Amino acid sequence: MQPPLDEARRDMAEDAQWSRPECHAWTGALLLGTCLLYCTRASVPVCAVAMSQDLGWNKKEAGVMLSSFFWGYCLTQVVGGHLGDRIGGEKVIVLSASAWGSITAATPLLAHLGGAHLVSMTLSRVLTGLLQGVHFPALSSLLSQKVRESERAFAYSTVGAGSQIGTLLTGVVGSVLLEWHSWQSVFYFSGGLTLLWVWYVHRYLLREKGLGLALGILARGLPVSRHSKVPWRQLFRKPAVWAAVFSQLCSACSFFTLLSWLPTFFQETFPHAKGWVFNVVPWLVAIPASVFSGFLSDHLVCQGYRPISVRKFMQVMGLGLSGIFALCLGHTSSFFQSVVFASASIGLQTFNHSGISMNIQDLAPSCAGFLFGVANTAGALAGVMGVCLGGYLIETTGSWTYLFSLVAVTSNLGLCTFLAFGQAQRVDLSPPNEDL
């Protein structure tokens, strides 16, 4: 029998969910926010060459500055998720965006602050990583609490498409701004739009009183009650939780490896090919693929399929089939086929939004932000290791086949683990009682 406290908590959660118009408004706003997140994140890589020439950096110094973002990004995933569970994911997202938007807009000033250009830019990138690290865990917490289960996958995958849109937008607009103006204008553009977005969300979607209350809570320190604590032991005793975390780790490792090495693969294998083709086409494919995966997932759930069956099907596409297409990249000498395989692999990886990401919300909606933060931290660290291991394999073997084999093996290892141990039964209640 369900404990009265858990029943009351679940009733309150259902009452707090967004209405359909609210859900549509917030989904659009969060899509734009995620797009701007990636606009600001990609601004430095797009401007790296121009900044290096202007500030006198060599390749090693530029590499330190570029990698410094991830030093901070890995540290705030769990914190961001926990804050989202406690004070509301929307408040965490808006507060952090106001900070990293300001830093981005001020980057040209920071770059010329004193003589230590590299130090100031590296510190600003670390701080930007710290602030942006809270976004996706807080987003997971927010959607798990505010969006109905039958609409959750579509909302999450639609918002997730902002990462591809933002990367493309910065690539296109940033290139134009670099050609017509200067690298400084790229940061004014992305940082200024972010601050405008924060103003809009704060004025039209958030209650000012609610945001002020959140700031007050943070200033005083989060009160800890018995029922607001994260059930660490209860969560991590469950094989399904470990399966979700490990699958997220494998998914992130595969994605970061492809993201980091695909441009170099095309440049070295097909030196006369148009760069915009292999840098743009896979991401253009990924945008509709992400939205479609969410629509398909919600449709299958509404048709009566068990959520865990739908999540596993999405992972077959996002890890299994995606890994096969990545493997094919190492066994073709055709530029056209390589673009098709790369686009299919990157596009299918967006199905993970409706698989693992949704499964984490299935398992622990009351602390989904915290659990997603744990999984994303593991994924980010594994991604860095995968990129390094991929470089070692290319350097020692001289063959790209081993890199793509690594991606395929990693993906399918995560898939097999999830298929064997993945469940959608809630584990954040006492006792777990909802078998999905």
Side-chain angles (χ1 to χ4, degrees), residues 23-47 69 73 80 84 89-90 92-105 107 125 128-129 131-140 142-143 147 153-178 185-206 255-256 259 276 279-295 346-347 349-350 352-354 357 376:
C23 185
H24 291 165
W26 271 104
T27 299
L30 292 169
L31 168 63
L32 182 56
T34 303
C35 174
L36 292 170
L37 180 90
Y38 272 80
C39 279
T40 57
R41 186 180 300 186
S43 294
V44 170
V46 166
C47 299
F69 173 87
Y73 187 72
E90 70 276 24
V92 174
I93 290 171
V94 171
L95 288 171
S96 64
S98 65
W100 54 256
S102 300
I103 293 173
T104 302
T107 294
R125 289 299 285 172
T128 301
L131 292 166
Q132 290 197 356
V134 306
H135 182 87
F136 283 105
L139 176 65
S140 181
L142 174 63
L143 297 184
V147 181
F154 179 76
Y156 192 89
S157 60
T158 300
V159 173
S163 59
Q164 288 86 32
I165 298 173
T167 302
L168 281 175
L169 183 63
T170 301
V172 174
V173 177
S175 299
V176 173
L177 290 174
L178 281 171
S185 62
V186 179
F187 291 93
Y188 294 142
F189 170 76
S190 57
L193 282 182
T194 299
L195 294 177
L196 187 62
W197 176 83
V198 169
W199 171 83
Y200 171 81
V201 174
H202 177 247
R203 176 159 186 175
Y204 294 103
L205 295 179
L206 266 184
F255 176 75
F256 282 122
L259 180 68
W276 68 268
N279 282 328
V280 171
V281 171
W283 304 106
L284 284 177
V285 172
I287 294 170
S290 178
V291 176
F292 173 74
S293 71
F295 169 79
I346 294 293
Q349 283 198 354
T350 64
N352 293 322
H353 294 320
S354 304
S357 298
N376 224 30

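Just so we're clear, the structure is a prediction, and the values are computed from it rather than from any experiment.
The shortest distance between side-chain heavy atoms of C35 and L169 falls below 4.5 Å. Using a 4.5 Å heavy-atom threshold, the side chains of L168 and V280 count as touching. Contact check for T350 versus Q164: side-chain heavy atoms found under the 4.5 Å cut-off. Taking the side chain as every heavy atom from C-beta outward, L131 and I103 approach each other to under 4.5 Å.
Residues that satisfy the ring-ring contact (aromatic ring centres under 6.0 Å, His included) test with Y200, not counting sequence neighbours, are Y204. For F136, there are no ring-ring contact (aromatic ring centres under 6.0 Å, His included) partners, not counting sequence neighbours.
Remark: F187 CZ to S185 OG distance equals 9.5 Å, nearest 0.5 Å. Note that OG1 of T158 is 12.0 Å distant from CD1 of I287, once rounded to the nearest 0.5 Å. We find the CG-CG distance between L37 and L30 to be 11.5 Å, quoted to the nearest 0.5 Å. Taking OG from S102 and CG from L195, the interatomic distance works out to 4.5 Å, rounded to the nearest 0.5 Å. Here the OG atom belonging to S98 is positioned 12.5 Å from the CD1 atom belonging to I93, to the nearest 0.5 angstrom. With rounding to the nearest 0.5 Å, the separation of CZ in R125 from OG in S43 is 8.0 Å.
Here the shortest heavy-atom pairing between S163 and T167 reads O-OG1, 2.8 Å. Nearest heavy-atom pair, V201 versus A29, reported as atom, atom and distance to 0.1 Å: CG2-CB, 4.3 Å. The shortest non-hydrogen separation linking V92 to G84 is CG2-N, 3.8 Å. Scanning all heavy atoms of the two residues, the minimum distance from G347 to V285 falls at CA-CG1, 4.5 Å. Shortest non-hydrogen contact noted between V198 and A97 is CG2-CB, 3.7 Å. Considering every non-hydrogen atom in both P137 and G80, the closest pair reads CB-C, 4.2 Å.
The closest side-chain donor-acceptor pair between S190 and T104, if any, does not fall under 3.5 angstrom.
Residue pairs meeting the side chain to side chain donor-acceptor pair (under 3.5 Å) criterion with at least one member in residues 26-39, sequence neighbours excluded, are T34-H135, Y38-R41.
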Task: Residues N376, Y73; criterion side chain to side chain contact (heavy atoms under 4.5 Å, CB included); working and verdict - done: CA-CA 10 Å; N376 224 30; Y73 187 72; 4.0 Å; yes

Task: Derivation of the side chain to side chain contact (heavy atoms under 4.5 Å, CB included) call for V291 and F154 - done: CA-CA 7 Å; V291 176; F154 179 76; 3.6 Å; yes

Task: Candidate pair I165 and L31, rule side chain to side chain contact (heavy atoms under 4.5 Å, CB included), full reasoning - done: CA-CA 9 Å; I165 298 173; L31 168 63; 4.2 Å; yes

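Remark: side-chain polar atoms of T40 are paired, donor with acceptor, to backbone N or O of L36 under 3.5 angstrom. Side-chain N or O atoms of S157 include one that pairs as donor or acceptor with a backbone N or O of S290 at under 3.5 Å.
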